[in-house]
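Worksheet: the structure to be examined is printed underneath.
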Amino acid sequence: MKRRLFATTALALALALLALLPLGAGAQGKDTLVVALVSHAPTLDPHMHFERVGVLVNINMFDSLLHRSAKARARAVAGDSWKALNDTTWEFKLRKGVKFHDGSTMTART
């Protein structure tokens, strides 16, 4: 009787765990990344929202010349250095070897 109860409980637990897996989770290729978020990003335009989920998505999709450190200091990311030329113009030195998603090299013109 105990053995049958144990087997039934184990089977029920296994089925419950399988029900929690997303559809096709085992069928993902080795070059596929699956990310779970509490909701969808409201837009993929980083300038059109300030919701946490959208910010998290955009951080992983877009890069910028500068990022703010934990101490609120600017640090270069896609750029090596920068300086103000006048009140409205800044000059950025781009880091070599930065590539777009299609493999093309980033330049000041692209």
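Along the sequence shown, the residues carry numbers beginning at 1.
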**Asked** Please, which pairs that meet salt bridge (Lys or Arg N to Asp or Glu O under 4.0 Å) have at least one residue in residues 76-86, sequence neighbours excluded?
**Response** Lys83-Glu91
**Joint hydrophobic cluster, Val77 plus Val57, side-chain heavy atoms closer than 4.5 Å** = no
**Request:** May I ask whether Val98 and Leu66 are part of the same hydrophobic cluster, defined by side-chain heavy atoms of I, L, V, M, F, W, Y residues being less than 4.5 angstrom apart, directly or through others?
**Result:** yes
**Prompt:** Val53 and Phe62: same hydrophobic cluster, using ILVMFWY side-chain contacts below 4.5 Å?
**Reply:** yes
**Prompt:** Can you tell me how far the CD atom of Glu51 sits from the CG atom of Asn58, to the nearest 0.5 Å?
**Reply:** 11.0 Å
**Request:** Would you check, one step at a time, whether the test side chain to side chain contact (heavy atoms under 4.5 Å, CB included) holds for Leu65 with Leu94?
**Result:** CA-CA 8 Å; Leu65 291 172; Leu94 300 177; 3.7 Å; yes
**Asked** Heavy-atom count around Arg52 CZ within 6.0 Å, excluding the residue itself: above 12?
**Response** no
**Asked** According to a 4.5 Å side-chain heavy-atom criterion applied to Ile, Leu, Val, Met, Phe, Trp and Tyr, with indirect links allowed, do Val55 and Met61 form part of one hydrophobic cluster?
**Response** no
**Lys99 NZ: over 12 foreign heavy atoms closer than 6.0 Å** = yes
**Message:** For Asn86, I'd like to know if atom CG has over 12 heavy atoms of other residues, nucleotides or ligands within 6.0 Å.
**Reply:** yes
**Fill in**
For Gly54 and Ala41, the nearest pair of non-hydrogen atoms, with its separation, is CA-CB, 3.9 Å
**Item:** Hydrophobic cluster identity match, Phe50 and Val38, side-chain contacts under 4.5 Å
**Value:** no
